[in-house]
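Heads up: the structure comes next, in structure tokens.
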Amino acid sequence: PVSMVLDRFTPKATSMGCAGLGDGVDSDWIKTVRIKSELLSAFWGRDIEIEACVLIPMGFYDEEHKDARYPIAIAHGHYDPTWNAGGAFSTEWPDCDPLVDGYDCEAD
């Protein structure tokens with residue numbers, strides 16, 4: 001037989017927010033959205049909140065783009081509270097674009 005003592009409690013982790021700036025702190029480019037899932041809450045018998053990271057497209061806040069529609073791209077990950085869609089995020093334009101400048105381009 002194996003005996004086990006459960007005498008420690010791990011408190012709920014606080015989200016860093018998707019921008020990594022702290023819970024409830026967004027950047028100009030990355031927003032954190034939280035919604036209560038009624039289905040998951042009913043299943044687990046307690047409130048379950050889903051957190052999503054939204055990457056804001058360049059020009060989103062510009063008056064000239066106020067009626068623009070943007071496609072959705074979903075980067076599904078598990079248990080990582082910061083934005084990581086398979087690469088780095090930068091607010092700076094790259095030196096070159098492989099799609100425009102060809103395969104010899106060395107973008108970051």
Can you give each donor-acceptor pair under 3.5 Å made by side-chain atoms of residues 33-48, sequence neighbours left out, with the distance rounded to 0.1 Å?
| residue | atom | partner | partner atom | Å |
| --- | --- | --- | --- | --- |
| Arg34 | NE | Glu51 | OE1 | 2.8 |
| Arg34 | NH1 | Asp23 | OD1 | 3.3 |
| Arg34 | NH2 | Ser15 | OG | 3.4 |
| Arg34 | NH2 | Asp23 | OD1 | 2.4 |
| Arg34 | NH2 | Glu51 | OE1 | 2.9 |
| Lys36 | NZ | Asp47 | OD1 | 3.1 |
| Ser37 | OG | Leu40 | N | 3.1 |
| Ser41 | OG | Ser37 | O | 2.7 |
| Ser41 | OG | Ile48 | N | 2.9 |

Enumerate, atom names and distances included, each donor-acceptor pair closer than 3.5 Å involving a side-chain atom of residues 65-74, sequence neighbours excluded.
| residue | atom | partner | partner atom | Å |
| --- | --- | --- | --- | --- |
| His65 | ND1 | Gly59 | O | 3.1 |
| Lys66 | NZ | Glu63 | OE2 | 3.4 |

Nearest heavy-atom contact between Tyr61 and Asp28 is CE1-O, 3.7 Å
Other ILVMFWY residues reachable from Leu6 by side-chain steps of under 4.5 Å
Met4
